[in-house]
Amino acid sequence: MESISCAELKKLIEEKADYILIDVREKIELKNGIIPTSHHIPLQEFLKSLTISAEDFKKKHGFSLSKKDRLILYCRSGNRSEFATKMALKLGFNAENFVGSILEWSKHDPKVKSY
């Protein structure tokens, strides 16, 4: 399974690279902060959304996602995002897991709290 480091993700964000970053945590967890540029879709909703059409996905979430897009997933510790990444890969998406997730990102971003 593909994964991405904190340094690599920071570089993508700084360079305004072409990727889609999705936070699969629950809504209540967002009070601790989010990684810049990310979209929020809770894990169960994300898994269901992987099987709908691209048009329905855009209507539901407000942004486009195709199997060709570079998809990066994260959560609090990397466990839920690892599961989500595996499911996305099985369905043919170009998915990667940000292994460090919020726990690692919070060490470098004062707007994000570890919990």
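Keep in mind that this is a model prediction, so the values were computed, not measured.
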| request: Indicate yes or no for a side-chain donor-acceptor contact from Asp69 to the backbone of Ser66 under 3.5 Å, with no hydrogens or angles considered. | output: yes
- Task: Could you tell me whether Glu82 and Lys86 have a side-chain N and a carboxylate O separated by less than 4.0 Å?
- Result: yes
### Ile20/Phe63 under side chain to side chain contact (heavy atoms under 4.5 Å, CB included): CA gap, chis, key distance, verdict
CA-CA 9 Å; Ile20 295 174; Phe63 66 97; 3.7 Å; yes
Between the OG atom in Ser38 and the CG atom in Leu21, the distance rounded to the nearest 0.5 Å is 5.0 Å
Assess the residue pair Met87 and Lys90 against the criterion (side chain to side chain contact (heavy atoms under 4.5 Å, CB included)); give the C-alpha distance rounded to whole Å, side-chain angles, the decisive distance to 0.1 Å, and a yes or no. CA-CA 5 Å; Met87 295 299 104; Lys90 281 184 182 179; 3.9 Å; yes
query = Using the ring of each side chain (for Trp, its six-membered ring), is Phe98 parallel, tilted or perpendicular to Trp105, with breaks at 30° and 60°?
reply = perpendicular
Side-chain (Ser101) to main-chain (Cys75) donor-acceptor, under 3.5 angstrom: yes
dist Lys59:NZ -> Ile52:CD1 (nearest 0.5 Å) comes out at 10.0 Å
query = Using 4.0 Å as the upper bound for N to carboxylate O, is an ion pair formed by Arg25 and Asp23?
reply = yes
TODO: Following the transitive rule for hydrophobic clusters with a side-chain heavy-atom cut-off under 4.5 Å over Ile, Leu, Val, Met, Phe, Trp and Tyr, establish whether Ile102 and Ile13 coincide in one cluster.
DONE: yes
Checklist line | CZ/Phe83: more than 12 non-hydrogen atoms of other groups inside 6.0 Å | finding: no
Check your understanding: Do the non-hydrogen side-chain atoms of His61 and Ser49 ever get within less than 4.5 Å of each other?
Key -> yes
Co-membership, hydrophobic cluster, residues Ile34 and Tyr19, 4.5 Å side-chain = yes
Rounded to the nearest 0.5 Å, the CD1 atom of Ile22 sits from the CG atom of Leu65 at a distance of 5.5 Å
Requested in this report: Might you work through the side chain to side chain donor-acceptor pair (under 3.5 Å) test for Glu8 and Ser5, ending with a clear yes or no?
Outcome: CA-CA 5 Å; Glu8 291 169 316; Ser5 70; 3.2 Å; yes
May I have the step-by-step check of side chain to side chain contact (heavy atoms under 4.5 Å, CB included) for Glu96 and Ser3, ending in yes or no?
-> CA-CA 5 Å; Glu96 300 170 67; Ser3 63; 6.0 Å; no
message = Within the 3.5 Å criterion, strictly below it, is a donor on Glu29 or Tyr115 matched to an acceptor on the partner's side chain?
response = yes
dist Met1:CE -> Thr85:OG1 (nearest 0.5 Å) comes out at 5.5 Å
| field | Ile4 reachable from Leu71 in the ILVMFWY side-chain graph, under 4.5 Å edges | value | no
Would you say Phe93 and Leu73 are hydrophobically clustered, going by side-chain heavy atoms of ILVMFWY under 4.5 Å?
yes
Donor-acceptor pair, side chain of Lys67 and main chain of Leu91, under 3.5 angstrom
yes
Heavy-atom nearest pair, Ser81 first then Asn97, reads OG-OD1, 2.5 Å
OG (Ser106) and NZ (Lys113) are apart, to the nearest 0.5 Å, by 10.5 Å
Distance col, row Glu14:CD vs Leu9:CG, nearest 0.5 angstrom, shows 9.5 Å
On a heavy-atom basis, the closest approach of Asp109 and Pro36 is OD2-CD, 4.0 Å
Do you reckon Phe57 sits in the same ILVMFWY cluster as Leu43, going by side-chain contacts under 4.5 Å, direct or chained? yes
Can Lys10 and Leu12 be said to form a side chain to side chain contact (heavy atoms under 4.5 Å, CB included), step by step?
CA-CA 5 Å; Lys10 285 175 86 171; Leu12 289 175; over 6 Å; no
Note: Pro110 and His108 closest approach over all heavy atoms is CD-O, 4.0 Å
